[in-house]
Each structure stands twice: as structure tokens, then as C-alpha cells.
Protein chains: 4
Amino acid sequence: MLKIAQERSRERRRRILLAATKVFGEKGVHAATLTEICAAAGVSRSTFYDYFTDKTALLAAVPRANFEEFYAEIDAILETIAEPWDRLCAFYLGTLRYIERNPAWGRVFFLEIWPSVLASEREVRDAVDLYARRIVGILRQGIACGKRSRGGDPYLLATLVLGSMTHLVATWLLYGRPRDLSAQGAKALALLRPLVVPAAEPPPGAVPGRRAKARRR
Amino acid sequence: MLKIAQERSRERRRRILLAATKVFGEKGVHAATLTEICAAAGVSRSTFYDYFTDKTALLAAVPRANFEEFYAEIDAILETIAEPWDRLCAFYLGTLRYIERNPAWGRVFFLEIWPSVLASEREVRDAVDLYARRIVGILRQGIACGKRSRGGDPYLLATLVLGSMTHLVATWLLYGRPRDLSAQGAKALALLRPLVVPAAEPPPGAVPGRRAKARRR
Amino acid sequence: MLKIAQERSRERRRRILLAATKVFGEKGVHAATLTEICAAAGVSRSTFYDYFTDKTALLAAVPRANFEEFYAEIDAILETIAEPWDRLCAFYLGTLRYIERNPAWGRVFFLEIWPSVLASEREVRDAVDLYARRIVGILRQGIACGKRSRGGDPYLLATLVLGSMTHLVATWLLYGRPRDLSAQGAKALALLRPLVVPAAEPPPGAVPGRRAKARRR
Amino acid sequence: MLKIAQERSRERRRRILLAATKVFGEKGVHAATLTEICAAAGVSRSTFYDYFTDKTALLAAVPRANFEEFYAEIDAILETIAEPWDRLCAFYLGTLRYIERNPAWGRVFFLEIWPSVLASEREVRDAVDLYARRIVGILRQGIACGKRSRGGDPYLLATLVLGSMTHLVATWLLYGRPRDLSAQGAKALALLRPLVVPAAEPPPGAVPGRRAKARRR
DNA sequence: TATGAATGAGTGTTCATTCAT
DNA sequence: TATGAATGAACACTCATTCAT
């Protein structure tokens with residue numbers, strides 16, 4: 001009995017979160033109104049306050065929820081990959097694929113939250129930081145195990161990696177998603193590869209995206 | 001007599017624009033209120049409407065004004081540089097230096113406007129597009145005149161160039177400007193160089209930032 | 001429980017409508033502010049928007065509501081009257097009596113809405129037209145069934161009928177309601193009678209119109 | 001020198017008055033803004049205050065000015081007519097003809113000012129009263145000199161006369177001026193004639209409008 | 001638990017009016 | 001005399017939030 005109630009409660013929360021992601025993405029975080037979000041979630045505006053203390057709280061919960069989902073996905077994959085470069089590719093392309101399936105979230109995170117004053121909100125910022133640190137972490141692994149490293153500074157490399165990713169996503173979203181986002185990502189990675197992995201180790205002709213894929217199977 | 005009045009009028013417009021840039025940067029474009037902007041400009045809210053038709057008009061005017069200033073600056077420099085790669089460095093670093101002197105504008109453009117749904121506003125979008133096209137144009141020049149080109153696709157290269165730049169600016173702004181922005185930019189350019197200029201042509205040890213500087217003298 | 005809430009809701013709507021009629025009449029439709037109307041209705045300005053989408057919507061609703069009430073009243077009476085002239089008298093005097101009991105509405109309709117550019121508002125205009133058409137309809141009946149008709153053109157007759165009515169109401173309202181409005185109306189009808197009904201056909205009884213006619217001989 | 005200045009001053013005042021009549025008629029008295037009126041008059045908004053103390057003062061001046069013009073016209077005609085009924089016709093049709101040539105004024109007076117709360121403004125009201133009294137005066141003359149009078153009460157007759165006139169003008173203005181206003185007026189007068197002039201004195205077949213015209217020549 | 005009803009604070013915008021020049 | 005510049009007060013309207021039920 002109680003369990004059923006709890007279940008429904010959890011379900012409602014999820015629906016609000018989903019609706020928020022959608023509406024935030026469509027209208028922008030600031031232009032989105034609670035009225036619209038609640039309508040999209042099929043919940044009365046006052047009920048909303050039983051699940052979140054605030055509009056701010058909702059804003060903070062949206063990244064948390066989406067990242068949880070994404071990390072669950074990507075971590076399952078990363079477990080099976082050892083090579084740092086391949087791990088990087090998996091993470092990079094995994095992000096892009098997640099966004100392809102979930103463009104509303106892409107909009108919220110890459111257009112609205114990330115590079116934005118919103119990121120000053122403590123909780124939101126933490127989510128952003130964590131994501132960035134994961135990339136830096138992978139790059140650091142690569143540098144550590146590489147015989148010779150070119151970039152050296154993992155932060156500088158991360159700048160290129162994250163920058164290209166956000167740019168790709170932003171244009172993809174803003175220009176009506178003209179072509180395959182993750183395919184573009186693979187090309188960008190191919191370009192970046194020599195900067196990240198020691199030049200001496202020649203890739204046997206494969207596009208990184210494919211290699212990553214191949215390994216996973 | 002009339003001239004003085006006109007002068008003061010122009011001055012007031014400028015003050016509103018400046019205040020808008022500041023407040024947009026601080027609060028975000030949507031959260032910024034006319035009340036706050038006008039207060040910052042030392043102008044009554046009704047006076048505002050003698051200078052701009054709308055809040056939207058103001059939003060459109062802010063990028064226009066700042067880009068005019070930036071382009072005036074950078075074009076004077078670019079006139080003296082022929083080599084595509086050096087032109088790219090000048091443009092890239094010029095942008096970062098402009099932002100170092102004018103962080104409020106950096107906030108507005110790189111955190112608020114660029115990767116944002118705001119860019120749907122016709123006029124604002126045009127400004128963004130023009131900026132991006134200028135980078136692509138320089139890259140295309142380089143590809144055209146280069147003996148061998150690596151990246152080939154100027155859009156893909158632009159993704160790396162623009163992406164790294166926005167990322168650099170965003171982190172600089174969001175993390176309290178810990179270190180020299182344009183110095184970071186120079187490092188990023190050094191990393192990117194082999195992707196843009198034919199590998200055969202070896203730079204005799206120089207960091208691109210310096211070379212560009214050197215030429216300008 | 002729900003019913004009570006609905007009841008109260010309906011009641012509030014009515015109170016706003018009543019207050020609007022009053023304030024529109026006192027200040028004129030354009031000078032009337034929502035602030036004042038809401039204050040008169042004992043409702044907060046934002047609550048207003050739970051009941052009407054707009055000030056325009058309110059403006060349209062005021063005539064609709066009042067006409068509904070008036071028509072309900074007058075139609076009950078008209079059902080019992082067959083003779084066109086008597087029907088005309090009933091309609092004419094019924095209007096005046098309604099206004100005597102409800103002068104605020106008289107003000108709004110006869111001083112503000114009717115002869116006014118406001119009548120361009122689609123919905124408002126429709127209400128005005130309907131009212132006028134009812135008079136014309138009655139006159140047409142009279143012409144159709146009369147042996148001899150004097151005026152012939154029902155629109156011309158309606159001009160006299162409606163014109164005298166509005167004039168009566170307007171002066172009554174503007175000059176502090178010095179005397180019995182419907183008594184004045186009866187006198188005007190008596191004057192108009194020979195223009196409307198064939199002179200040869202003598203009325204066998206005592207409706208005000210009839211008495212007036214009797215006196216005239 | 002001074003005279004020239006005075007001349008120009010007077011001219012300016014006139015232009016403002018003209019513009020006000022036009023704009024009041026087009027937008028309605030309340031929706032009309034000083035900005036628009038001044039623009040139409042080719043005068044700066046601050047200059048306006050050299051000619052009128054207030055917007056209210058302007059509102060009061062508009063009827064005064066237009067009535068002065070109208071009275072000058074109509075009095076020249078009335079001087080040549082002795083018969084009360086013909087005088088009435090001349091006045092009635094003269095008004096309609098003035099409006100045909102000057103619909104903006106018709107709008108202001110018959111749709112905006114007359115039957116409206118605006119008429120509470122002292123000065124405006126006086127103008128309205130004067131006009132009505134002139135009609136009553138003519139009717140009184142007719143009653144005085146007539147052997148037998150039908151209506152008896154000049155106010156009641158005036159109700160029909162003025163009422164029909166305003167109604168005619170209002171519909172003419174509101175329904176896009178479908179047909180000749182003064183021709184309609186002549187028909188209405190023909191209908192009203194037996195109520196005003198003793199029935200024994202038969203008009204030798206003439207439409208009142210024509211007779212009035214004929215006499216004037 | 002859930003919600004319909006209600007609201008205060010604040011938004012962008014307009015406009016009659018004033019004042020220094 | 002004439003005006004460009006400036007403003008206070010008010011407007012219609014929105015929205016996150018609260019509370020009685």
C-alpha cells in the first residue's frame with residue numbers, strides 16, 4: 001500500500017523532471033514557466049511544490065537526473081575498454097549519441113546551462129565540473145601511460161576536446177540538426193588524435209570511432 | 001549648441017549600451033531587467049525608450065556595437081598580415097585580448113548569446129554567423145594556398161578553433177579568470193597548428209602567438 | 001465540496017462583471033482601469049486574469065452578460081403579445097425599465113458602447129447589431145401584417161424608434177435622471193404611433209401606447 | 001512684425017485644433033495621444049503647451065471651434081428663413097451636410113462627445129446644451145405660432161428630432177457611410193413632419209428637404 | 001496527498017507633462 | 001517663441017508561490 005504510493009510519487013517526480021528537460025530545452029531555462037512545465041507533466045502547479053522546493057531546485061535536479069542516466073550508460077561501456085584513447089572516443093561519442101537520442105537535454109545542457117551564468121548555481125556547477133573532470137581524467141591516464149606525450153597539459157587537451165564537442169552540439173542544435181552528429185564527432189576525433197596519442201604509434205588506418213566500436217564488440 | 005545636445009544624446013546611448021552589456025553579463029540576458037539596466041546607466045526607465053524602441057532592440061544593439069568596435073580594431077591589424085595562419089592567430093588572440101579588456105562583453109557573447117537559444121533572434125544570429133564565417137574564411141584561405149592540407153574541411157577545423165576559444169573564454173569567466181586568457185589561447189593555437197598548416201613546413205621553433213606579434217611590429 | 005467552489009467561482013465572475021459595468025459607466029470604458037474595476041470587485045488584479053483573458057475580453061463580456069439578462073426578461077413578456085405595435089412598446093419600454101433598475105448598464109451601453117468607436121470590436125458590435133435587428137424585425141412584422149403602412153421603410157422607422165430611445169436615455173443619465181424614464185418613453189411612443197400603425201385601425205384598449213393615442217384624439 | 005507673429009500663432013493654434021479633430025475622430029478621444037496630434041499638426045509636443053494648458057483644454061476647445069464654424073454657416077442661412085418648420089429642416093439638414101463635409105468632426109461629436117461621459121466636462125457640456133437648445137427653440141417657435149399643435153411638448157419633439165439625427169449619423173459613420181447622409185435625413189424629416197406641424201395645414205406635396213432648399217434660393 | 005483559487009511583487013511599455021536651452 | 005530631452009506615474013499583464021480545503 002505504502003509502497004504503491006511511493007512508487008507513484010517517484011513516477012510523478014520523474015515526469016516533472018522529464019517535462020522540465022523538454023520545456024527548458026524548447027523555451028530556454030528563463031523563458032520556461034512552471035505553468036508550462038506542470039502542464040506538460042500533467043501535474044497541478046501546486047503539486048509541483050510537493051516534489052521540489054523551488055524552481056531553482058528543479059533547475060538543479062534536471063542536470064543531476066540526466067547525468068545519472070548518462071553515466072549509468074557510459075560506465076557500462078567504459079568498463080570494457082582499457083586503452084585511454086579508446087576510452088576518450090567512447091566518452092566523446094557516447095555523449096553525442098546520448099544527445100542525438102535526447103536533443104532536449106542537449107539543448108538544456110550545452111546551450112543553456114554549461115556556458116552560462118546559470119552554471120554559477122552551486123549544484124549545477126558541480127555537475128558541469130564533474131563532467132569536465134572525467135574527460136581530464138581520461139586524458140591524464142593517456143599521458144601517464146604514453147611513452148611520449150605531445151600535448152602534455154591535460155587541461156589544454158581537454159579544452160580542445162570539450163570545446164569541439166560543445167561547438168559541434170551547439171551548431172547541430174541551432175542549425176536544425178542537418179547531419180549526423182556523432183559522425184561529425186568521429187571526424188573531429190580523427191583530427192584530434194595525433195595531438196593526444198604519441199605520433200610514433202601509427203593508427204592502422206582506422207577512424208577512431210570505428211575502432212572504439214570494434215573493440216566494444 | 002545643437003551639437004552639444006547631440007553629443008550628450010550619443011553619450012547617453014553609449015551609457016545604456018555599456019550598462020546593458022554589464023547587466024546582461026552579470027544576470028544573464030533573460031534575467032536582466034530594464035529597471036536594472038537603466039539604473040546602472042543612470043537613466044530613467046522611460047528615457048530608455050527615447051534611445052531604443054524595445055528591449056529586443058537593445059539586445060540586438062549590444063552585439064552590434066561590440067562587434068563594430070572589435071572589428072575596427074582587428075581589421076586594422078589584419079591589413080598588415082598576409083599569411084593565413086598568422087591571420088588566424090591574430091584573429092583568435094585579438095578576440096581573447098578584446099575580452100580580457102572587456103570581460104562583460106565576453107560574458108554576454110560567449111556565455112549568453114552564442115551557444116543559446118537567443119541566437120534565434122534574427123539580428124543576433126547574423127552577428128554570430130558573421131563572426132564564425134570570418135574564421136572559416138581565413139581557414140579556407142589557408143587551405144587554398146597550402147601545398148598540402150591536412151584537415152581539408154574548413155568547417156571541421158573551425159569547430160576546433162572556435163570550440164577551443166569558447167571553452168577557454170567560458171572557463172576563464174566562470175572560474176574567476178585565474179590566469180592570462182590570451183596566453184592560454186596561444187598555447188591552444190600551438191597545439192592546433194599542425195592540424196592547420198602543412199606538416200612539412202616546420203615552424204622554426206616559434207610559438208604562433210609570438211610570431212603574430214612579431215609580424216605586427 | 002467541489003460545487004461550493006464552483007459556486008464561489010461563478011459568484012466572483014459575476015462580481016467582476018458587475019464592478020466592470022459600474023466603473024465603465026462612471027469613467028467611460030477607456031478611462032476605466034483594471035485596478036479600479038478589481039478594487040470595486042474586491043478582487044486582486046491578478047485574480048482577474050483567472051476569470052478573463054483580457055481587458056478586451058471583459059469589455060466584450062459586459063454587454064453579453066447584460067443582454068442575456070435583459071433578453072431573458074423581455075422574451076418572457078413578448079411571448080404573451082401578438083400585436084406588432086404592442087410588441088414594439090413592450091420592447092421599448094422594457095428596455096427603459098431595465099435601465100431604470102440598472103442605470104450603470106444604461107450608461108455603458110447607451111453612452112459608451114453604442115454610439116462609439118468601441119462598437120468596432122467585433123463581439124461588441126454583434127451585440128449592438130442584434131439589438132437593433134430585433135427592433136427592425138418587430139417593425140417589419142407590423143408592416144407585413146398592416147393593411148396600410150405609412151413609413152414603409154422599417155429602417156427609417158427604426159431610426160426614429162432607436163434614436164428617440166437613446167436620446168431619452170442619454171439625457172436621463174446625463175441630467176441626473178430628473179424624471180421617470182419609462183414614462184417619458186411612453187410619451188415618445190405615443191407620438192410615434194401614427195407613423196408606425198395605420199391611422200385607420202383603432203386600438204381597442206389600454207397599453208401605454210394606446211392610452212397616449214387615445215388622448216391625442 | 002508683432003502682427004505677423006500673432007498671425008502665425010493663431011495659424012498654429014488652428015492647425016492643432018484641426019489635427020485634434022482628425023485624430024480624436026480616428027482613434028477616439030481617449031486613445032488619441034498628444035504625440036499623434038502634435039505630429040499631425042506639425043508641432044513639437046512641448047510647443048503644444050504654449051497654446052493649450054492641457055489635454056482637457058484641447059478637448060474642450062475642439063467642439064467650441066467646430067461649432068463656431070458651423071453656427072456661422074447655418075446662421076447665415078437661417079436669417080433668410082421665417083417658417084419654423086423650414087428653419088428646423090435647414091438646421092437639421094445643415095448639420096448633416098456639415099458632417100458630410102467634415103466626418104472627422106461628426107465622429108468626435110456624435111460618437112465620442114455627445115452621448116458620453118465626456119459630456120460631463122463643463123465646457124464640453126455647454127456646447128452640447130447650446131446645440132440642443134437651438135433645436136428646442138425652433139420647435140418652440142413652431143408651437144407658439146401654430147394654430148393647433150400636436151406634440152405640444154417641445155422637449156419631446158426634440159427627442160425625436162435629435163434622436164433620429166444622432167442615430168442617422170452614428171450608423172452612417174459606423175457602417176462605412178453607405179449612402180447619402182442628408183438624403184436619409186430628408187426622409188426622416190418627412191416622416192416627422194406631421195408630428196411637428198399641425199395636420200390641417202397640408203404640405204402641397206413637397207419633400208421637406210426640397211422645400212427648405214427651394215426657399216433658400 | 002493533491003489542488004483550485006488567490007495574490008504580491010515585478011515586468012515592459014506608454015504618455016502627459018516639465019524644463020533647460 | 002520654440003523644442004529636444006527627460007521623467008513620474010500609471011497601465012495591462014505575468015508568474016512563482018501560498019493556502020484553505
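Convention: sequence-line order gives letters A, B, ...; per-chain numbering from 1.
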(message) Students often get this wrong, so: under 4.0 angstrom with heavy atoms, is D54(B) touching a base, only sugar-phosphate, or nothing?
(response) sugar-phosphate
(request) Could you tell me which nucleotide pairs with dC15(E) by Watson-Crick or G-U wobble geometry, both distances under 3.5 Å, or answer none if nothing does? (result) dG8(F)
(message) On the nucleotide dT3(E), are OP1 or OP2 found under 4.0 Å from the side-chain N or O atoms that T47(A) carries?
(response) yes
(message) On DNA chain E, does the nearest nucleotide to F48(C) precede the nearest nucleotide to A31(D) from the 5' side, or the other way round? Give the residue.
(response) F48(C)
(request) If the plane angle is over 60° it's perpendicular, under 30° parallel, otherwise tilted; pick one for F67(A) and F109(A). (result) perpendicular
(message) Could you tell me how far apart I16(A) (CD1) and dT3(E) (C1') are, to the nearest whole angstrom?
(response) 13 Å
(message) In whole Å, I'd like the distance from the NE2 atom of H30(A) to the P atom of dC15(F).
(response) 13 Å
(request) Indicate, yes or no, whether a donor-acceptor pair under 3.5 Å links the base of dT3(E) to the side chain of R45(A). (result) no
(request) Using a 4.0 Å heavy-atom cut-off across all strands, classify T33(B) as base, sugar-phosphate, or nothing. (result) sugar-phosphate
(request) Give the rounded distance in Å between these two atoms: CD of E11(A) and C1' of dT1(E). (result) 16 Å
(message) For a quick check of understanding: with a heavy-atom distance under 4.0 Å over all strands, which category does Y49(D) fall into, base, sugar-phosphate or nothing?
(response) base
(message) What contact category does F52(C) fall into here, base, sugar-phosphate, or nothing, at under 4.0 angstrom with non-hydrogen atoms?
(response) nothing
(request) Take the protein atom CZ of R15(B) and the nucleotide atom C1' of dA6(F), then report the distance between them rounded to whole Å. (result) 12 Å
(request) Take the protein atom CG of L34(A) and the nucleotide atom P of dA6(E), then report the distance between them rounded to whole Å. (result) 20 Å
(request) Output the distance between atom CZ (F48(B)) and atom CD1 (I37(B)), rounded to the nearest 0.5 Å. (result) 7.0 Å
(message) Looking at dT21(E), which nucleotide sits across from it as a Watson-Crick or G-U wobble partner, both distances under 3.5 angstrom, or is there none?
(response) dA2(F)
(request) Let me know the distance between CG of L58(A) and P of dT17(F), rounded to the nearest Å. (result) 10 Å
(request) May I ask you to verify if any side-chain N or O of S46(C) is less than 4.0 angstrom from the OP1 or OP2 atom of dT7(E)? (result) no
(message) What's the closest nucleotide to the side chain of R12(A) if the choices are dA2(E), dA6(F), dA6(E)?
(response) dA2(E)
(request) Determine: side-chain N/O of T35(B) to OP1/OP2 of dT11(E), distance under 4.0 Å, yes or no. (result) yes
(message) Under a 4.0 Å threshold between the charged nitrogen and the carboxylate oxygen, would K27(B) count as salt-bridged to E36(B)?
(response) yes
(message) Does this structure show an ion pair linking R64(D) with E123(D), if we count only N-O contacts that are shorter than 4.0 Å?
(response) yes
(message) Does A32(A) reach a base, just sugar-phosphate, or nothing at all? Heavy atoms under 4.0 Å.
(response) sugar-phosphate
(message) Please tell me if Y51(A) has a side-chain N or O lying less than 4.0 Å from either OP1 or OP2 of dA2(E).
(response) yes
(request) Round to the nearest Å and state the distance from D50(D) atom CG to dT3(F) atom P. (result) 9 Å
(request) Locate the shortest heavy-atom distance separating K55(B) from H30(B); write the atom from each residue and the value. (result) NZ-O, 4.0 Å
(message) Expressed as a whole number of angstroms, how long is the span from K55(B):NZ to dT14(E):P?
(response) 15 Å
(message) Taking the ring centre of each residue, are F24(C) and W105(C) less than 6.0 Å apart?
(response) no
